[in-house]
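These notes are about the structure you will find just below.
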Amino acid sequence: MKADLHLHSLFSDGTYTPEEIAAAARRNGIGALSLTDHDTVEGCARMAAACAAAGIEYLTGMELTAAVGDRELHILGYGFDPGEPRLLAALAHFQEVRVQRIREMCERLQALGVPLPAEAVFRLASCRSPGRPHIARALVEGRHCGGFEEAFERFLKKGRPAWVPKARMTAAEAIALIHGAGGAAVLAHPALNHCDDLIPALAASGLDGIECYHSRHTPSANGHYLALARAHGLVATGGSDCHGMNKGRPLIGSVTVPYALFEQLKLRAGQRLLERASAPAAC
Ligand code: AMP
Ligand code: FE
Ligand code: FE
Ligand code: ZN
């Protein structure tokens with residue numbers, strides 16, 4: 001049995017519903033999964049129900065955008081309580097920041113002569129955590145761009161004329177937020193962020209795991225991060241990072257993560273939950 005611990009739905013920048021994800025996971029022989037939408041837990045309840053109906057094991061998940069200096073990192077949270085008040089307050093803040101950023105990016109597009117109203121993006125996104133992929137889709141639907149990738153290349157990539165930087169929490173804050181909700185914190189797709197030098201400090205901040213298997217990692221990168229995880233006593237995880245049909249062919253099922261790693265991650269999250277339960281109440 002295999003697992004996929006990195007998936008996006010239409011509650012962030014994926015195109016599939018939780019039910020479509022569960023059906024695709026079943027077709028691909030996936031026995032355990034986690035939905036890891038960006039900066040939101042909006043899809044957790046529906047994903048849990050869809051997995052239960054499909055006979056798939058489910059673990060709560062999310063992908064937080066964080067920073068170390070001027071570098072962006074993504075921190076995955078697993079097995080946390082999706083109703084934890086501090087977590088919900090922090091997510092509400094970062095969702096507000098995302099909404100404001102969409103407005104600013106649309107203003108930039110308008111100044112560039114591309115008449116895309118922010119409301120068109122919000123209508124299309126229809127979730128609490130809109131992002132650049134929603135702008136890209138709105139640009140394609142409005143025939144301002146020929147394709148999704150073109151929208152990023154011309155306007156939305158870092159440094160392109162409509163790009164606006166995103167306010168982010170620090171990686172240590174992201175890890176603390178996940179631990180505070182009783183979950184395990186995992187560094188997402190490290191090979192894409194060129195952040196090996198940061199791993200010792202992240203481990204010292206309480207990082208629990210490294211996403212060793214990822215659809216954009218080469219086999220040698222997988223091996224490299226498995227060795228790093230072992231060296232730092234961190235759990236190894238992995239997933240496809242499927243965004244549905246947003247980025248061409250759906251990636252679900254393209255990355256095989258051994259079920260034993262899912263079990264280890266659940267154990268680690270269980271330890272964090274126990275630690276939280278025994279920690280003195282925060283005032
Ligand atoms: P945001 O969180 O709004 O900054 O958007 C980031 C998301 O945009 C990532 O999670 C990817 O799904 C997508 N993305 C980032 N860069 C590109 C790119 N060059 N081409 C296509 N999608 C991208
Ligand atoms: Fe994404
Ligand atoms: Fe990511
Ligand atoms: Zn992702």
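We count ligands from 1, going down the list as the structure has it; atoms in each ligand are counted the same way.
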Do any of the N, O or S atoms of [X] sit under 2.8 Å from the Fe ion (ligand 3)?
X      : result
His74  : yes
His189 : yes
Glu63  : yes

inquiry  = Within this structure, what is the CD1-CG distance for the pair Ile199 and Leu234, rounded to the nearest 0.5 Å?
reply    = 8.0 Å
Closest [X] atom to the Zn ion (ligand 4) [N, O or S only]:
X      : result
His6   : NE2
Asp241 : OD1
Glu63  : OE1

key: Any N, O or S atom of His8 closer than 2.8 Å to the Zn ion (ligand 4)   =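 A backbone or side-chain N, O or S atom of His8 is under 2.8 Å from the Zn ion (ligand 4).
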message = Check Lys157 with Glu153, please: is the shortest side-chain N to carboxylate O separation under 4.0 Å?
response = yes
Would you indicate whether [X], at its atom [atom1], is surrounded by more than 12 heavy atoms from other residues, nucleotides or ligands within a distance under 6.0 Å?
X      : atom1 : value
Arg71  : CZ    : yes
Arg216 : CZ    : no
Arg137 : CZ    : yes

query = Any idea which residues sit under 4.0 Å from ligand 1, heavy-atom distances?
reply = Asp13, His38, Arg98, Arg101, Gly131, Arg132, Pro133, Phe148, Glu149, Phe152, Lys157, Lys166, His243, Lys247
request  = Kindly indicate whether the side chain of His189, heavy atoms from C-beta on, has any atom under 4.5 Å from the side chain of Asp241.
outcome  = yes
Thr237 side chain near Ile210 side chain, heavy-atom distance below 4.5 Å = no
request  = Assign the ring pair His38 / His74 to parallel, tilted or perpendicular, where the plane angle (0 to 90°) is split at 30° and 60°.
outcome  = perpendicular
Side-chain donor or acceptor of Arg128 paired with backbone N/O of Gln95 under 3.5 Å =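 Here the side-chain-to-backbone pair does not exist.
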